[in-house]
Each structure stands twice: as structure tokens, then as C-alpha cells.
Protein chains: 2
Amino acid sequence: MTFETAATSSSPPAPPPRVSAMDDSPKGRILTAAAQLFRTRGFAKTTVRELAAEVGIQSGSLFHHFKSKDAILESVMVEVIEFNTSRLIAARDAETDPVARLRALILTELNSISGDTKEAMGLLVAEWDALDGEAQSRVLVLRDRYEKLFLDAIEQARDRLVDIDPFILRRLIYGIQSGTRTWFNPDGPLSTSDLVDLVMKLARDKESS
Amino acid sequence: MTFETAATSSSPPAPPPRVSAMDDSPKGRILTAAAQLFRTRGFAKTTVRELAAEVGIQSGSLFHHFKSKDAILESVMVEVIEFNTSRLIAARDAETDPVARLRALILTELNSISGDTKEAMGLLVAEWDALDGEAQSRVLVLRDRYEKLFLDAIEQARDRLVDIDPFILRRLIYGIQSGTRTWFNPDGPLSTSDLVDLVMKLARDKESS
DNA sequence: TTGTCGACCGAGCGCTTGCTTGGTATATCA
DNA sequence: TGATATACCAAGCAAGCGCTCGGTCGACAA
């Protein structure tokens with residue numbers, strides 16, 4: 001797994017943006033391995049020994065970088081939300097038409113959920129309950145900021161969308177997006193863009209002007 | 001949690017159907033408690049001691065009824081799928097019009113996912129990876145049978161639905177349904193029936209005849 | 001050269017885990 | 001009366017868990 005955005009350009013002067021702290025530092029390597037292991041084996045079933053082995057260090061050395069196993073989970077969640085929020089902002093700012101803007105957000109989120117940050121995004125749902133109350137509050141603040149980007153976009157495109165309350169429509173769309181991780185393969189016959197077209201087909205019932 | 005269907009009638013001669021093996025037998029009581037605990041605390045984090053305490057017996061006594069903790073999880077999954085499959089069949093057979101039939105299936109599934117079997121249904125997704133390969137295969141057979149009911153219904157109503165491949169449309173709808181468990185409250189201002197209406201609003205773009 | 005620091009090792013502590021075992025109480029039925 | 005089966009208890013084992021701790025090592029600054 002990587003947190004770089006897919007390189008769409010081949011020109012050397014424009015390196016892919018690195019937003020996350022999941023770099024080649026010791027902490028970054030732990031977070032990268034943790035995202036994968038926690039997701040594939042589950043948080044509770046992943047042992048600190050397994051995680052350490054994946055990074056290539058002794059289990060005790062993990063606690064030089066993080067104060068607990070729980071703190072590693074929280075850190076992964078924080079990083080992935082912040083990274084994907086900044087992606088969402090970039091996508092929003094690249095479009096002006098309300099419907100095109102909403103489509104861009106959906107495309108970006110689909111890429112987060114079924115693309116490059118798939119494992120870490122899945123963690124947010126699958127292991128949410130593994131976080132204690134205080135950690136949940138901290139992460140929730142970031143999630144709300146993320147969600148607001150969607151809500152604003154839906155509200156601004158409202159008159160060209162199916163007549164459903166924006167808050168609920170966002171939840172229906174998020175359900176679809178979230179569900180893709182169990183069946184959708186971005187490299188399969190149906191492209192990510194095709195899939196977004198289908199979602200937009202459901203979400204809007206009026207022709208764009 | 002109970003696996004009885006909601007009592008819609010108050011007449012004594014018509015008791016609510018009991019389809020599942022999760023009755024008042026020792027096994028049934030274990031399965032009922034397991035569904036709740038596994039879902040709220042997670043499978044790996046739920047100890048056999050906690051489960052036994054919930055049932056009111058000693059931890060060792062669990063293994064008189066099930067050969068392992070894993071076997072309990074598999075049993076819960078099998079029971080909930082079989083129960084909800086039979087519900088789906090009943091819903092299907094109560095309607096003849098293709099669109100009305102699809103709506104009935106969606107309503108029934110929504111009730112399974114966000115209603116009375118919420119905890120156990122959530123387990124199927126959340127703890128799927130906790131099952132070993134052989135157990136997954138066994139449960140998958142039951143899931144396929146369940147999914148076929150939906151696919152058939154969508155195919156039969158196809159000409160009155162939005163023009164999306166039935167297989168994919170089913171997945172989009174399932175995503176919506178599955179997503180409801182994190183935000184939808186059947187006893188809230190939006191009723192289950194209202195929510196199904198919204199889903200149908202997305203799924204069909206032609207007026208029924 | 002010396003001091004400081006981050007990264008890491010290796011051993012292991014205290015505790016919890018899933019599960020086993022030997023035995024008891026009650027009910028059913030021949 | 002005695003045999004058989006079900007349901008359960010009390011005790012505990014072996015393994016594995018998250019985490020701690022004293023110490024080592026190389027990089028870098030003074």
C-alpha cells in the first residue's frame with residue numbers, strides 16, 4: 001500500500017504529492033505495515049510481534065515510537081483521513097460546475113475506498129469500535145470535516161439531483177461507495193469512472209444544462 | 001436481540017414464526033448471546049469467559065455444546081442467513097408484481113440489517129475474515145442462495161428499473177442497505193418504509209403501470 | 001575526544017487466552 | 001434398580017498476549 005496519489009503525469013518536475021506522515025521514517029513504516037495487517041487480519045488478531053516482524057524490528061521497539069498498540073491504530077486512522085480530506089479539497093477546487101464538482105468528489109472518494117488507500121479506509125469502519133471513547137472523539141472531528149465537503153457539494157447541486165434530503169442522500173451514496181470495497185476492482189472491466197457514472201445516474205434525475 | 005419477527009398482530013392464535021435454532025435451548029441461548037457480544041465487542045475481543053457469563057454458565061461448559069469459539073461464530077452466521085433467507089422467500093411469495101416484489105425484498109432486507117437481526121447481520125460483514133477458509137465456503141453457499149433471490153427479482157423487474165446491469169445494481173442497492181446500519185434508526189422520524197421508498201426512487205426511473 | 005540522542009535489541013514479566021479434564025446432579029427410560 | 005445421556009462445574013494447563021526495561025550501537029555536534 002502507498003499513500004502517494006496515482007501518477008497521472010510522467011514529467012519529472014511534478015512528483016506525486018506526499019501528504020501523509022506514512023513515509024520512510026520508522027514511524028511511517030510502522031503505520032504502513034499496520035494499515036495492511038490490521039485490515040487483513042483484524043486489529044485484535046494482529047499481534048505486536050507480527051507487526052514488528054513486518055517492519056523488520058523487535059516487538060519491543062515498536063513502543064519506542066508509539067505508546068501503545070491502540071495509539072498505532074488511531075494514528076493510521078488520523079493519517080488516512082487527513083490525506084483523503086486534502087485530496088477531496090483538491091478535487092473540489094478543480095471544478096466549478098456543481099454537478100461536475102459532486103462527481104469529482106465521488107470519484108475521489110471511490111478511489112480512496114477501493115483504490116490506493118483501500119486497506120486504511122476499511123479500517124475506519126471495521127475497527128472503529130477498537131478505539132476508546134477519547135480517541136473516537138478526536139478522529140470524529142476529522143471525519144466531520146471530511147463529510148462537510150460532501151454535504152456542501154450536494155446542497156449546491158441540489159436542484160439538479162434527485163429530490164432527497166441532502167443529509168440522507170449523502171448517506172445513501174456513502175453506502176454505495178463503502179460497499180464497493182467487497183466487489184469492485186478498479187483494474188477490472190468496469191472502470192472507476194464508469195462506476196461513478198452509474199452512481200450519478202442514480203443520484204440525478206434531471207438533465208444537466 | 002431476538003430472532004422472532006416483530007409481532008404485528010395481537011391475536012394469540014397466530015404466534016410469531018420461529019425459524020431459527022436460536023431458541024431457549026442451551027445452544028440457542030449461547031448463539032443469541034454470541035451474536036450480541038461478537039458484534040458489540042468484536043469476535044477476537046470477546047472472551048469465552050464473557051460469553052459464558054452472559055449465558056450464566058462457566059466458560060468450560062461452552063465447549064460441551066460447541067467444539068470451538070470459531071464454531072460458535074460460524075453457527076451464528078449460518079443461523080442468521082437461513083433465517084433471513086426464509087423471510088425473503090416469504091416476502092417474495094406475498095407479491096406478484098415485479099416492482100412490488102423487489103420493493104418487498106428490499107424492505108425485508110432493510111429490516112434484517114437495521115432491525116431485529118441487526119447484530120448478527122453485521123457480524124457477517126465485520127467478522128467474515130475471522131472464519132477459516134472451509135467455514136467461509138460453507139457459509140458462502142448459503143449467501144449465494146440468498147443473493148439469487150435478489151438477482152432474480154431485479155431481472156424480472158428490469159424493464160421498469162434504471163438501466164444498470166442487474167448484478168451491479170444489486171451491489172449498489174446492497175451497499176445502501178448495508179450502510180444504513182451506521183446511521184438509520186427504524187424508530188426514528190424516517191420510517192423503514194420511507195427509506196425503502198427513497199431506495200426505489202433511486203432504482204427506478206420509469207413510472208409503474 | 002567526548003557527550004547526546006534516536007533507534008533498536010533481547011530478555012522476560014504479569015496476565016489472559018481458548019480449551020481440557022475429571023467429576024457431579026438431574027432426568028429419562030428400560 | 002440401574003444404565004444412559006444431557007448439562008454443567010471447578011480447576012487448571014500451555015500458549016500467547018501487550019508491554020517494560022536495561023543496555024548497545026552508530027550518527028552527529030561540540
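So that the names make sense, note that chain A is the first sequence line, chain B the second, and so on, each numbered from 1. Worth knowing before you read on, the calculation uses all heavy atoms, side chains too, and leaves out hydrogens, waters and symmetry mates.
Qualifying side chain to side chain contact (heavy atoms under 4.5 Å, CB included) partners for A:Ser59, counting only residues two or more places apart in sequence or in other chains: A:Val48, A:Arg49, A:Ala52. Residues passing the side chain to side chain contact (heavy atoms under 4.5 Å, CB included) test with B:Arg171 are A:Trp183, B:Glu147, B:Phe167, sequence neighbours excluded. For the side chain to side chain contact (heavy atoms under 4.5 Å, CB included) test, residues two or more places apart in sequence or in another chain that qualify with B:Arg101 are B:Arg92, B:Glu95, B:Gln156. Taking B:Asp152 as the reference, B:Lys148 meet the salt bridge (charged side-chain N to carboxylate O under 4.0 Å, His left out) condition, with sequence neighbours excluded. Applying the side chain to side chain contact (heavy atoms under 4.5 Å, CB included) criterion to A:Ala126, with sequence neighbours excluded, gives A:Arg39. In this view, B:Arg143 and B:Tyr174 satisfy the side chain to side chain donor-acceptor pair (under 3.5 Å) rule, not counting sequence neighbours.
For residues 107-148 of chain A, no pair satisfies ring-ring contact (aromatic ring centres under 6.0 Å, His included), with sequence neighbours left out. Listed by first and then second residue, the side chain to side chain donor-acceptor pair (under 3.5 Å) pairs that reach into residues 184-195 of chain A are A:Arg103-A:Ser193, A:Ser191-A:Asp194, sequence neighbours excluded.
Two residues, A:Ala44 and B:Gln58, neighbour DNA chain D, and the one matched to the more 5' nucleotide by heavy-atom proximity is B:Gln58. The nearest heavy atom of DNA chain C to A:Gly56 and to B:Glu50 marks one nucleotide each, and the one closer to the 5' end goes with A:Gly56.
The separation between A:Leu73 atom CG and D:dG18 atom C1' is 15 Å, rounded to whole Å. Rounded to whole angstrom, the span from the CD1 atom of B:Ile57 across to the P atom of D:dA10 amounts to 12 Å.
Where DNA chain D pairs in unbroken runs of 3 or more (Watson-Crick or G-U, both distances under 3.5 Å), the stems are C:1-30 with D:1-30.
For DNA chain C, the outermost nucleotides in 5' to 3' order that have an atom under 4.0 Å from a heavy atom of chain A are C:dG6 to C:dG12.
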Please tabulate, for side-chain N and O atoms in residues 61-68 of chain A, each donor-acceptor pair with protein atoms closer than 3.5 Å (sequence neighbours left out).
unit_1, atom_1, unit_2, atom_2, d
A:Ser68, OG, A:Asp70, N, 3.4
A:Ser68, OG, A:Ala71, N, 3.1

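At distances below 3.5 Å, not a single donor-acceptor pair connects side-chain atoms of B:Arg87 with backbone N or O atoms of B:Thr108.
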Sugar-phosphate atoms are those with a prime plus P, OP1 and OP2; base atoms are the rest. Using that split, label each nucleotide of nucleotides 19-26 of chain D B, S or - for protein heavy atoms under 4.0 Å, 5' to 3'. BB------

